[in-house]
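Side chains included, hydrogens not; waters and symmetry mates left out as well; all remaining heavy atoms used.
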Amino acid sequence: MAEKAAKILLILSGFVLTLFIVSNTFDGDFGWHLRFGKDAFAGIFQYTDSYTWPIFGQPWVNHEWGGDLLYWLLYSSLGYYSLVLITSAAVWSAFLLVQKIFFKKLSVLSIITAMFALLSVKFVLAMRLAYLVPLLFVIIWLTLEKIPDKKYYYIWPLILWLWAALHGSWTLGVIIINIYLLGQFANIILKKYFPRFSGKESSWQTKDFIGVIIAELLSLLLIAINPYGANIFSEVAAYFSPAYFKQFVNEWIPSYAYPVYAAPLIAAAVSAFFIIIGYIKK
């Protein structure tokens with residue numbers, strides 16, 4: 001009973017901690033996201049850039065169109081703090097749910113670890129649409145870990161469509177799916193021809209490979225159903241090129257670039273300690 005009460009208290013404390021972090025930040029370009037949603041609900045859906053002076057009138061694909069609609073609806077109905085609440089809930093839920101990949105259930109130690117992990121990345125957390133999607137990433141990751149016992153991959157099309165409507169980082173979902181797909185396939189090849197270099201016996205069956213590939217293809221087809229059509233793919237493809245914004249826009253500069261912050265490194269070190277202890281104790 002005492003352990004259950006401690007876990008509930010820690011979960012609530014972690015949520016409040018996330019609220020402290022998110023509510024004390026402000027993203028400089030968040031205003032135009034709300035304006036896009038406002039214009040869209042007024043019947044003016046933007047296909048050209050009318051918010052940025054240097055490229056005014058140029059063709060534009062807003063990879064956060066669905067999130068802008070959602071956030072404007074919440075903001076206009078419930079106020080700004082409703083956005084802080086939903087963003088914080090998504091972030092903290094992702095930190096808790098990811099533990100289901102490694103442990104059967106949450107423990108006091110694992111929740112404390114999640115809180116330190118949260119502190120280690122607090123310098124990048126902000127009131128942004130991007131922080132709704134780590135939860136979707138964790139859900140896909142969890143479904144991959146459940147194969148072959150559970151065939152949850154058939155929900156991927158809906159998850160990835162929602163992700164693509166909220167933010168352009170949906171490519172990370174596709175990437176992790178293919179990491180598992182290629183990893184399982186490579187292990188089968190290694191097991192057959194180079195057994196010394198292979199891992200444990202692959203648990204995936206032929207039907208699992210087929211199911212994963214079909215689910216992924218259906219996901220890509222569904223993602224194409226959006227106001228911008230297939231242009232959504234060329235938009236996100238630009239992220240993987242040496243584009244201008246990767247060199248000069250602050251949010252695209254790698255986190256290991258100057259300045260280096262000491263506090264997140266210390267928090268990450270403490271998290272690593274608890275992770276090791278947790279692993280030893282299984």
Under 3.5 Å: donor-acceptor pair, side chain of Asn226, backbone of Ala224
yes

Expected output: side-chain Thr25 to main-chain Val22 donor-acceptor under 3.5 Å:
yes

Give the cluster check for [X] versus [Y]: same hydrophobic cluster or not, with ILVMFWY residues linked at side-chain heavy-atom distances below 4.5 Å.
| X | Y | value |
| --- | --- | --- |
| Leu218 | Ile139 | no |
| Ile111 | Leu12 | no |
| Ile11 | Ile112 | yes |
| Ile44 | Trp72 | no |

With sequence neighbours excluded, tell me which residues meet ring-ring contact (aromatic ring centres under 6.0 Å, His included) with [X].
| X | result |
| --- | --- |
| Phe137 | none |
| Trp32 | Trp60 |
| Trp156 | Tyr153 |

Could you check whether any side-chain heavy atom of [X] comes within less than 4.5 Å of a side-chain heavy atom of [Y], counting everything from C-beta outward?
| X | Y | result |
| --- | --- | --- |
| Leu85 | Ser88 | no |
| Tyr47 | Pro59 | no |
| Ser76 | Lys38 | no |
| Leu166 | Leu162 | yes |
| Leu70 | Leu129 | no |
| Thr48 | Gln58 | no |
| Leu119 | Leu17 | yes |
| Leu220 | Trp170 | yes |

Could you tell me whether Phe36 and Trp65 have their ring centroids closer than 6.0 angstrom?
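Ring-ring flag for Phe36/Trp65: false, centres at least 6.0 Å apart.
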
Please tabulate, for the side chains in residues 2-9, all donor-acceptor contacts under 3.5 angstrom to protein atoms that are two or more places apart in sequence or on a different chain.
unit_1, atom_1, unit_2, atom_2, d
Lys7, NZ, Leu106, O, 3.2

Is the number of heavy atoms from other residues, nucleotides or ligands within 6.0 Å of [atom1] ([X]) greater than 12?
| X | atom1 | value |
| --- | --- | --- |
| Phe273 | CZ | no |
| Tyr152 | OH | no |
| Tyr193 | OH | no |

Residue pairs meeting side chain to side chain donor-acceptor pair (under 3.5 Å), one or both in residues 109-123, sequence neighbours left out, come to Gln99-Ser110, Ser107-Ser110

Side chain to side chain donor-acceptor pair (under 3.5 Å): pairs with one or both residues in residues 176-185, sequence neighbours excluded:
Trp141-Tyr180, Glu145-Tyr180, Asn178-Glu216, Gln184-Ser202

Return each pair, listed once, that meets salt bridge (charged side-chain N to carboxylate O under 4.0 Å, His left out) where at least one residue sits in residues 84-106; pairs must be two or more places apart or across chains.
none

Just how far is it from atom [atom1] of [X] to atom [atom2] of [Y], taken to the nearest 0.5 Å?
| X | Y | atom1 | atom2 | value |
| --- | --- | --- | --- | --- |
| Leu217 | Leu222 | CG | CG | 12.5 Å |
| Ile188 | Phe209 | CD1 | CZ | 3.5 Å |
| Ile213 | Ile177 | CD1 | CD1 | 11.5 Å |
| Ile155 | Ile140 | CD1 | CD1 | 8.5 Å |
| Leu181 | Ile176 | CG | CD1 | 12.5 Å |
| Leu136 | Leu158 | CG | CG | 11.5 Å |

Tell me, with the steps shown, if Ile266 and Phe116 meet side-chain contact (heavy atoms from CB on, under 4.5 Å).
CA-CA 9 Å; Ile266 295 171; Phe116 274 101; over 6 Å; no

Which residues pass the side-chain hydrogen bond (donor to acceptor under 3.5 Å, both in side chains) test with Lys151, sequence neighbours left out?
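Scan of Lys151 (side-chain hydrogen bond (donor to acceptor under 3.5 Å, both in side chains), adjacent residues dropped) gives Asp208.
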
So, using side-chain hydrogen bond (donor to acceptor under 3.5 Å, both in side chains) as the criterion, who are the partners of Asn62 when residues are at least two apart?
Asp68

Kindly state each residue pair satisfying ring-ring contact (aromatic ring centres under 6.0 Å, His included) with at least one member in residues 76-99, sequence neighbours excluded.
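For residues 76-99: none.
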
Please assess Ser13 against Met115 for the test side-chain contact (heavy atoms from CB on, under 4.5 Å), listing each intermediate value before the final yes or no.
CA-CA 9 Å; Ser13 298; Met115 294 173 73; 4.2 Å; yes

Under a plain distance cut-off of 3.5 Å, with no hydrogens placed, do Ser82 and Tyr71 share a side-chain donor-acceptor pair?
no

Are Trp161 and Ser219 close enough, and set up right, to give a side-chain contact (heavy atoms from CB on, under 4.5 Å), and what steps lead you there?
CA-CA 7 Å; Trp161 183 88; Ser219 298; over 6 Å; no

Going by salt bridge (Lys or Arg N to Asp or Glu O under 4.0 Å), name the residues that satisfy it together with Asp39, two or more places apart in sequence or in a different chain.
Arg35

So Val98 and Ile101, side-chain contact (heavy atoms from CB on, under 4.5 Å) or not? Walk me through it.
CA-CA 6 Å; Val98 74; Ile101 295 170; 4.1 Å; yes

Is the ring pair His33/Phe30 parallel, tilted or perpendicular, if the boundaries are 30 and 60 degrees?
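Because their plane-to-plane angle lies in the 30° to 60° range, the rings of His33 and Phe30 count as tilted.
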
May I ask you to list the residues sharing a hydrophobic cluster with Val16, side-chain cutoff 4.5 Å, ordered by chain and number?
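Other cluster members: Phe20.
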
